[in-house]
Amino acid sequence: MTVVDDIGTELGRRDLKVLYEPVTSETRIAAVTSARIDLECGSTTANAERRKMAAFSPITYVSAIKLLVERGAPVGSFRDLADRTVAVTAGTTNGVWCARSSLVSASLSP
């Protein structure tokens, strides 16, 4: 893995190993802060609340909330989600945004 190789080079170590530890959107911050894992490589949003708990690398890409609906569905914006069921990944900033947004009055299904 390039990330681990780069870290090893920076630290002058060649003995770094990658062990995969399953985490979810809800458990990944706690896994890092409890030292269960050393590094989480994922799409974790570096917001102010999370920065109080963990250190983040510089941003490598920017993403945005996207809608995925059946082709031909009458949904062109978040406002069209009223009275619909919206599936979100539990523990994500997208889920929090949808739950708090005045644009979405849909029922959320984690």
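Quick note: residue numbers are just sequence positions, from 1.
- Annotation: the span from D5 atom CG to E10 atom CD amounts to 13.5 Å, rounded to 0.5 Å.
- Evaluation of the salt bridge (charged side-chain N to carboxylate O under 4.0 Å, His left out) rule for E26 yields no partner, not counting sequence neighbours.
- For the pair D80 and P74, the tightest heavy-atom approach, listed with the atom from each and the gap, is CB-O, 3.8 Å.
- Residues satisfying the side chain to side chain contact (heavy atoms under 4.5 Å, CB included) criterion with T9, sequence neighbours excluded, are absent altogether.
- Not counting sequence neighbours, D38 has no partner by the side chain to side chain contact (heavy atoms under 4.5 Å, CB included) test.
- Every residue meeting the side chain to side chain contact (heavy atoms under 4.5 Å, CB included) condition with T44, not counting sequence neighbours, appears here in chain and number order: R28, I29, E40, R50, F56.
- Among residues two or more places apart in sequence or in another chain, the side chain to side chain donor-acceptor pair (under 3.5 Å) test is passed with T33 by none.
- Through direct or relayed side-chain contacts under 4.5 Å between Ile, Leu, Val, Met, Phe, Trp and Tyr, L68 connects to no other residue.
- By the side chain to side chain contact (heavy atoms under 4.5 Å, CB included) test, L16 pairs with V4, I7, R13, sequence neighbours left out.
- Residues satisfying the side chain to side chain donor-acceptor pair (under 3.5 Å) test with E49, not counting sequence neighbours, are none.
- Counting heavy atoms from C-beta outward, V32 and L39 have side chains that stay 4.5 Å or more apart.
- With D6 contributing its side chain and V3 its backbone, the two residues share no donor-acceptor pair below 3.5 Å.
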